[in-house]
Amino acid sequence: MLSVPQMDVPVYAEVDVVVAGGGPAGVGAALAAARNGASVLLIEQRGYLGGMATVSLVPAYCPFTDEVKPVIRGIGLEILLEMKSRMEPAFQEEWKDNLDWVPIDAEHLKRLLDEKMAEAGVQLLYHTFVSRTLQTDGKVEAVLIQNKSGTQAVKGKIYIDCTSDADIVHAAGGVLTQGGDEGELQPGTMCFQLGNLDRLKFAEHTADIGLDLKHAIRRGIASGELRVVRDWAGISWHNNNTAGFNFGHIFGIDGSKAEDLTRGAVEGRALVHHIVDWLQRTVPGFEQAVLMATGEQIGIRESRRIVGDYVVTAEDFLNCVSFPDDIARNAYFIDIHMAKPTSDMTMVHLPPGQSHGIPYRALLPVGIENVITAGRAISTDRATQGSTRVMPNCFAMGEAAGTAAAMLTKEGKSASREINVYDLQRQLVSQGAWLGEQWEEKNLYLID
Ligand SMILES: Cc1cc2nc3c(=O)[nH]c(=O)nc-3n(C[C@H](O)[C@H](O)[C@H](O)COP(=O)(O)OP(=O)(O)OC[C@H]3O[C@@H](n4cnc5c(N)ncnc54)[C@H](O)[C@@H]3O)c2cc1C
């Protein structure tokens with residue numbers, strides 16, 4: 001161990017709401033806070049927003065619907081629709097009536113999110129890592145940031161932790177948990193994009209190879225030619241020549257450790273090259289495939305979770321529980337990828353039209369007064385995290401956190417628990433969010 005000398009640092013900014021992390025949760029949080037009148041600084045370690053969709057090229061948005069109606073509305077749906085509207089006409093035609101599994105164009109998304117932040121008046125700070133917190137008695141007074149300009153401080157009234165690894169809560173000494181009983185974690189995936197594909201030729205052969213390559217992958221695994229464990233590839237077509245792939249796993253990666261991320265990068269790229277070589281040799285229409293990009297970072301499905309005022313459980317998920325302080329609904333299935341090559345996927349679906357609530361309390365780390373967490377790291381058990389973690393949900397949680405933060409600071413408050421939850425819910429609904437049938441029935445007079 002080395003001790004670091006005390007240092008004086010300049011204050012880079014002082015705002016109402018500091019948002020750390022610009023994934024879907026951070027985007028929802030920053031836009032909602034700014035649109036509700038707060039001064040907002042959004043700090044992101046990359047040079048763009050979007051989170052896993054752009055950093056790791058996760059190729060599609062999970063469903064925004066419960067197969068009957070949209071459950072994720074508000075800012076998330078706005079981003080989805082505007083991203084679609086920037087795609088090629090043929091793409092727009094193919095996806096015009098669909099809100100589920102829409103392929104993501106990372107470059108359109110980056111540009112769209114830059115523009116959205118400018119429109120809303122969010123102050124952006126890219127290429128900056130939030131590394132430490134300064135706090136007294138459970139209240140964060142400032143975060144320390146690192147970037148090319150050195151070490152500086154940022155002061156806010158409320159901090160929204162959207163780092164997906166709960167970095168602020170971790171730095172502030174909050175209570176965290178991670179993975180399963182034996183510390184097992186879902187594997188990471190190095191997603192990638194291929195060009196020069198022939199989709200029409202591919203489509204002629206899907207009966208033999210499988211639309212998700214299932215039959216071809218099984219043959220490849222059995223013959224020893226393909227080194228993957230799951231007989232599935234997520235393929236998201238941007239047009240007839242280009243597609244994004246979520247294919248293959250790298251095991252034992254803890255996304256909150258730099259050395260694991262490093263191994264994930266090296267092993268992930270090696271696996272992608274192996275897979276692309278196999279695709280070129282095996283899959284009709286992929287013979288001339290060109291590897292256009294791999295993720296800047298291996299995609300991380302699971303790392304730290306906060307322990308919050310409420311822990312959402314699998315029982316809540318299965319019973320479609322509604323909470324008095326619901327701020328969003330989740331209809332996505334429990335989707336836990338195998339922690340080891342020898343274990344199985346765990347998937348548990350809710351019936352169509354069903355969802356459960358995500359309570360505001362699950363966003364509040366115990367023992368910390370002015371930090372709200374949104375996105376992958378909220379307070380759930382492991383099974384439920386396998387469901388709440390997907391991007392549409394993260395947008396909705398972020399929107400709720402940002403709205404709450406702005407409402408509080410407008411009233412001169414900085415304690416997250418002082419929010420009037422009913423006022424927050426009404427504000428969210430007025431912004432287009434959906435809080436479930438029960439909430440609608442109780443508040444019919446508010447619904448258009
Ligand atoms: C391989 C894979 C496939 C997936 N498939 C799908 C899918 O098909 N559809 C779907 O909807 N979801 C999918 N998911 C889940 C989903 O992508 C993530 O769970 C979701 O993006 C989490 O959102 P978030 O906003 O919490 O965090 P993230 O998207 O992880 O964004 C966090 C952001 O914070 C930044 N950051 C982190 N720490 C700091 C720090 N200390 N300082 C500054 N910035 C920081 C990061 O650079 C990043 O931009 C998948 C995930 C993976 C890994």
Side-chain angles (χ1 to χ4, degrees), residues 18-30 41-64 72 76 80 100-104 109-110 113 125-133 143-147 154 159-171 185-192 234-236 244-250 253 255-256 258 261 264 268 295-306 330 332 335 337 363 373-378 385-399 401:
V18 178
V19 180
V27 164
L41 176 69
L42 171 53
I43 305 169
E44 165 55 52
Q45 64 172 319
R46 327 276 169 181
Y48 49 82
L49 303 175
M52 287 285 109
T54 49
V55 174
S56 300
L57 298 178
V58 167
Y61 281 119
C62 280
F64 277 66
I72 304 299
L80 178 79
D100 297 349
W101 300 112
V102 176
I104 297 168
L109 183 61
K110 288 178 192 174
L113 297 177
L125 189 62
Y126 286 154
H127 303 294
T128 300
F129 192 74
V130 177
S131 58
R132 284 179 60 187
T133 54
V143 291
L144 295 191
I145 57 170
Q146 309 287 144
N147 57 27
V154 169
Y159 300 82
I160 308 186
D161 186 345
C162 300
T163 59
S164 72
D165 298 314
D167 284 358
I168 291 187
V169 178
H170 180 252
L185 290 166
Q186 295 191 50
T189 293
M190 181 60 84
C191 298
F192 57 97
I235 309 178
S236 301
F245 289 74
N246 170 4
F247 187 7
H249 291 118
I250 303 291
I253 303 286
S256 64
L261 290 172
E296 179 185 336
Q297 181 209 283
I298 187 167
I300 297 297
R301 294 185 170 86
E302 181 178 21
S303 71
R304 301 181 189 123
R305 309 188 298 277
I306 64 159
N330 169 41
Y332 186 64
D335 180 11
H337 290 233
L363 277 53
T373 304
R376 196 181 76 203
I378 65 156
Q385 193 268 350
S387 167
T388 51
R389 67 188 176 93
V390 297
M391 292 186 275
N393 292 336
C394 294
F395 277 120
M397 294 183 243
E399 179 167 359

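Side chains are part of it too, since the values below use all heavy atoms of this structure and drop only hydrogens, waters and symmetry mates. We count ligands from 1, going down the list as the structure has it; atoms in each ligand are counted the same way.
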### Task
Could you check Phe245 against Leu57 for side chain to side chain contact (heavy atoms under 4.5 Å, CB included), going step by step and ending with a plain yes or no?
CA-CA 8 Å; Phe245 289 74; Leu57 298 178; over 6 Å; no
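- At distances below 3.5 Å, at least one donor-acceptor pair connects side-chain atoms of Asp100 with backbone N or O atoms of Phe64.
- Shown in contact with Val390 at under 4.0 Å from a heavy atom are these atoms of ligand 1, numbered in order with element: 10 (C), 11 (O), 12 (N).
- The two residues Asp335 and Gln186 make their nearest non-hydrogen contact at O-OE1, 3.6 Å.
- Taking a 4.0 Å cut-off on heavy atoms, Gly22 registers as neighbouring ligand 1.
- Contacts between Ala25 and ligand 1, counted as non-hydrogen atom pairs separated by less than 4.0 Å, involve both the backbone and the side chain.
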### Message
Test side chain to side chain contact (heavy atoms under 4.5 Å, CB included) on Val27 and Phe395; report intermediate values, then the result.
### Response
CA-CA 7 Å; Val27 164; Phe395 277 120; 4.0 Å; yes
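- Atom 39 (C) of ligand 1 has its closest protein heavy atom at Thr163 CG2, 3.7 Å.
- Considering both main-chain and side-chain atoms, Thr189 never comes within under 3.5 Å of ligand 1 through any nitrogen or oxygen pair.
- Pairing each heavy atom of Cys394 with each of Arg389, the nearest pair is SG-O, 3.4 Å.
- Each of Cys162, Ser303, Pro24 was evaluated against Arg376; a single residue qualifies, Ser303, per the side chain to side chain contact (heavy atoms under 4.5 Å, CB included) test.
- Remark: among candidates Ser236, Pro103, Ala60, the nearest residue to atom 8 (O) of ligand 1 is Ala60, based on non-hydrogen atoms.
- The shell of residues lying under 4.0 angstrom from ligand 1, judged by heavy atoms, excludes Asp165.
- Within the model, atoms CD1 of Ile72 and OH of Tyr332 stand 13.0 Å from one another, a figure rounded to the nearest 0.5 Å.
- By the 3.5 Å distance cut-off applied to N or O atoms, Pro392 is not counted among the residues near ligand 1.
- The closest non-hydrogen atom to atom 19 (O) of ligand 1, taken over Gln385, Arg301, Arg389, comes from Arg389.
- Nearest heavy atom pair, residue Ser164 against residue Ala377, reads O-CB, 3.7 Å.
- Protein heavy atom at the shortest distance from atom 36 (N) of ligand 1 is Gln45 NE2, 3.4 Å.
- The nearest protein atom to atom 32 (C) of ligand 1, hydrogens excluded, is given as Cys162 O, 3.6 Å; this is a heavy-atom distance.
- Ile253 has its side chain out of reach of Leu185: every pair of non-hydrogen atoms, C-beta onward, lies at least 4.5 Å apart.
- Of the protein's heavy atoms, Met391 CG, 3.6 Å lies nearest to atom 16 (C) of ligand 1.
- Considering backbone and side-chain atoms together, Val130 places an N or O closer than 3.5 Å to an N or O of ligand 1.
- Protein heavy atom in closest approach to atom 30 (O) of ligand 1: Ser164 OG, 3.1 Å.
- For ligand 1, none of its N or O atoms has an N or O atom of Tyr61 under 3.5 Å away.
- Checking side-chain atoms of Thr128 against main-chain N and O of Tyr126 turns up a donor-acceptor pair under 3.5 Å.
- Contact of the Ile250 side chain with the Met190 side chain is not registered, since no non-hydrogen atoms from C-beta on lie closer than 4.5 Å.
- Shortest contact from atom 4 (C) of ligand 1 to any protein heavy atom: Val58 CG1, 3.5 Å.
- Each of the atoms 8 (O) of ligand 1 lies under 4.0 Å from some heavy atom of Trp101.
- Of all the atoms in ligand 1, the ones that sit under 4.0 Å from a non-hydrogen atom of Arg46 are 47 (O).
- Short contacts between ligand 1 and Ile300, defined as distances under 4.0 Å to a heavy atom of the residue, involve ligand atoms 53 (C).
- Minimum interatomic distance between Leu109 and Gly50 (heavy atoms only, all atoms of both residues): CD2-CA, 4.4 Å.
- Taking every heavy atom of Cys394 and a limit of under 4.0 angstrom, the matching atoms of ligand 1 come to 22 (C), 23 (O), 26 (O).
- Not a single heavy atom of Val27 sits under 4.0 Å from any atom of ligand 1.
- Between Val55 and ligand 1, no pair of N/O atoms sits closer than 3.5 Å.
- Put simply, the residue from Asp167, Thr373, Asp165 that forms a side-chain hydrogen bond (donor to acceptor under 3.5 Å, both in side chains) with Arg304 is Asp167.
- If you look at Leu49 next to ligand 1, there are no close heavy atoms at all, none under 4.0 Å.
- Nearest heavy atom pair, residue Met52 against residue Gly299, reads SD-CA, 3.8 Å.
- The closest approach between any non-hydrogen atom of Tyr332 and ligand 1 is not below 4.0 Å.
- Between Ala20 and ligand 1, no pair of N/O atoms sits closer than 3.5 Å.
- Protein heavy atom at the shortest distance from atom 3 (C) of ligand 1 is Asn246 ND2, 3.5 Å.
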### Task
Mind running side-chain hydrogen bond (donor to acceptor under 3.5 Å, both in side chains) on Thr189 and Arg301 for me, showing each step along the way?
CA-CA 8 Å; Thr189 293; Arg301 294 185 170 86; 2.9 Å; yes
### Query
Between Val130 and Thr163, is a side chain to side chain contact (heavy atoms under 4.5 Å, CB included) present by the stated rule, with each step listed?
CA-CA 9 Å; Val130 177; Thr163 59; 5.5 Å; no
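- When each atom of ligand 1 is checked for a heavy atom of Cys62 under 4.0 Å away, the hits are 7 (C), 8 (O), 9 (N), 10 (C), 11 (O), 12 (N).
- Remark: ligand 1 atoms within the under-4.0 Å shell around heavy atoms of Gly375 are 26 (O).
- Distances below 4.0 Å separate heavy atoms of Asp167 from the following atoms of ligand 1: 38 (N), 39 (C), 40 (C), 41 (N).
- Across all non-hydrogen atoms, the minimal contact from Ala401 to Leu363 is CB-CD2, 4.3 Å.
- Given atom 49 (O) of ligand 1, the protein heavy atom at minimum distance is Glu44 OE1, 2.7 Å.
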